[in-house]
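Atoms within a ligand are numbered from 1 in the order they appear, just like the ligands themselves.
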Amino acid sequence: MRRIRVEVKGIVQGVGFRPFIYRLAHQWHLTGSIHNSESGVAIEVQGAAEDVAALLAALPSEAPPLARLDEIVIAELALREESEFRIEHSTRSQTANTLISPDIATCSDCLRELLDPSDRRFGYPFLNCTNCGPRFTITRSVPYDRSQTSMADFPMCALCQAEYDDPLDRRFHAQPNACWHCGPQLTLVDRNDVAQPGEPIAETIRLLSEGRILAIKGLGGFHLAVDATNAEAVRELRRRKHRGEKPFALMVDNLEAARALCHVSAEEAVLLEFPQRPIVLLRKQGRELEGIAPDGNDLGLFLPYTPIHHLLFANSDLTALVMTSANLSEEPIANDNREAIERLSQIADYFLFHNRDILLRCDDSVVAHRAGATQFARRSRGFVPSPILLSEPMPPILAVGGELKNAICLSRGRYAFLGQHIGDLENLAAYDFFLESIAHFETILEVQPEILAHDLHPGYLATQWAKKQPNIRRIAVQHHHAHITSCMAENHLTERVIGIALDGTGYGTDGKIWGGEILVADFHGFERAAHLAYVPMPGADMAVHEPWRMAASHLHAAFGLDWPNHAPALLAEIAPAKLRIVQQQLRNPQRLQQTSSCGRLFDAVAALVLNRTHVSYEAQAAIALEAVCDPFLSQGAYPFSIAASDPIQIDAKPLFAAITEDLRRKVPANVLSSRFHLGLIEALAEATRRIAASSGIRQVCLSGGSFQNAILAAGLERQLTNAGLRVYKHTQVPPGDGGLSLGQLLIAAHSL
Ligand code: ZN
Ligand code: ZN
Ligand code: FE
């Protein structure tokens, strides 16, 4: 006989962990108890030594899917007189640190019930259990309890209550538990909010099949849905949504349907079937659907994650649905029925509503499998508010992130809570969402920050908000320093690293726009060891939307005032008046905004190689350039010059001389793109090798939005690894600005 105490820390409250232990105790004839503790659960078990060992073995391997075990501490106790195993009620102080689970896709047990005509929840669009369903997006406050969620409006019927109270039932303490009798219901309305006759799911299917645009209320907000195989409907959605050419994500019924559109590796299949159900970026293959993702090689696919989604596919011939966040351009996703009608009546023909409120909006997450690891493009639904585990405890800090793809971060002990995707703050509705997100995180985490961390850029709205907060210590953090420390934090690095930060825009300590940076950094500071040589941005922000301007700038740098003669094909596309202005501006380049941005370098090369003058969304030109790159073409890298200055200047002048020569010889675009990618990789690797040799640092962190380019990321990692350096990258937070606040937070913590 043996009695032990087991303390489990991590996400073990509100995820079915206590009933899981209760069932194990029954199975192995153990006595004892379990209760929630400050930072997890505390278990005492007593029984035959081999049965106690069996329970311990099952802890990590059989834990419920939503549980995350960060630490297990075991202590031997003296035997006791005892005859049963009890789940003890928790006191308020014991649940103070309860972590709210993210929203999780319908589990296989629930799906079976949903499709089983003999089950009492057959076809019920809101069924869920301890292992699945809404959590974060329906929770108002803590402790996580039905009364604090938007399920408070739906008292459970006797049958649901009995399930909820039974420790052996898979709905024990499932706060959103509901059924046809007691739970939320669907309604279908037209754009004038007039209820439509008929069964809402069947009618929705009929309308989608006819090519109509539906606004469908989901977990974290509304989606706009159309039949993805109906090119006319897709075109109409783009037109009404003012969507330009930005790709749409598609929801498909299952892996087989995904494989009809894309190549799906074993690892990618795992990502698609993650209980978080992110959108997974996959390589297009097979059937090409018109107008869905015209630029790149990738298509974003995801599988159904709510009972409503499953019902739409199970009862129809639909194979793929466009499911795009219901908003205009970069506004936040709509989440409320009235708001949806107000904002979307010009876009959607019909609205599939339900009466369970979404208390916090949360967009779909986007991931890709890149070079053997998961890479986030957006970390939101399904992952938020799961924390990032840090290497040591932090004081309470709020980091407010950047301007684009904003996400906030709040620390509590060893956890960093990265918030959901907010969007671009220059948009007023997104700014309101930003404020809402801060208030909500402070509430559910019960944290009052003592320090604010913000970007160095004085014009960012997040910076301005931070500067207005009274009586709090503030730390301004350089953008690329934050990128690198974000990568350090999730990899638990504390020593100095070489950080390669590549992105579109970040405010430098010299007031210039940085974005092609190699830093030597730790949490206390950084030195700029190398950067792409500065070039002017004719037209400032206009250069982001009109990549030909960056081509003009680089050509001017390479050839001087004779530059227009070196790209006749591209410049033939530009209105003469516009061209004259840029020519004028480049006569006095020192008066223009200067940039070392990697994103703008991609723009310049893409404009020349693809003869592309304008883009309709950020990074479109770079994505198109990557799409034509064939990394297996070995035609030699384009040259950069790498000056032995401090910081090292990586200059693209020789590259543009070589590109214009190739353009004259009508070398095909795939060769040009490959030579450019390889040239940039070799230049960055060479500069990094020099910095490693002079500093003795062997650890290299890769961060910044440009690392979403798979060829650049994989190629650079390979060259650095071959040079004997240890490469670290992002696998838990996005390399882009969606992961910025984590890095800001760590720098603020170390400024004390
Ligand atoms: Zn379930
Ligand atoms: Zn019920
Ligand atoms: Fe950035």
Please confirm whether the ring centroid of F383 lies under 6.0 Å from the ring centroid of F376. yes
Between D737 and H483, a side-chain donor and acceptor under 3.5 Å: yes
For A462, check side-chain contact (heavy atoms from CB on, under 4.5 Å) against everything at least two apart and list the hits. V400, N406, L425, F434
Contacts of I358 that satisfy side-chain contact (heavy atoms from CB on, under 4.5 Å) - sequence neighbours left out: T137, K217, N335
Check for me: within less than 2.8 Å of the Zn ion (ligand 2), which protein N/O/S atoms show up? C157 SG, C160 SG, C179 SG, C182 SG
Would you call the rings of [X] and [Y] parallel, tilted or perpendicular, taking 30° and 60° as the class edges?
{"X": "Y305", "Y": "F302", "result": "tilted"}
{"X": "H750", "Y": "F523", "result": "parallel"}
{"X": "W514", "Y": "H480", "result": "parallel"}

With a 3.5 Å distance limit and no angle check, can you tell me whether D166 reaches the backbone of A162 through a side-chain donor-acceptor pair? no
Which single N/O/S atom of D503 lies at minimum distance from the Fe ion (ligand 3)? OD2
Metal-centred angle, OD1 of D737 through the Fe ion (ligand 3) to NE2 of H483, rounded to 10 degrees: 90°
CZ (R496) with more than 12 external heavy atoms under 6.0 Å: no
Answer yes or no: is there an ion pair linking E618 with K405, defined by an N-O contact shorter than 4.0 Å? yes
Can a cation-pi geometry be assigned to K512 and Y534, taking NZ or CZ under 6.0 Å from the six-membered ring centre and within 45° of the ring axis? yes
Taking N, O or S atoms only and a limit of 2.8 Å, check whether H479 reaches the Fe ion (ligand 3). yes
How many protein atoms of type N/O/S are positioned less than 2.8 Å from the Zn ion (ligand 1)? 4
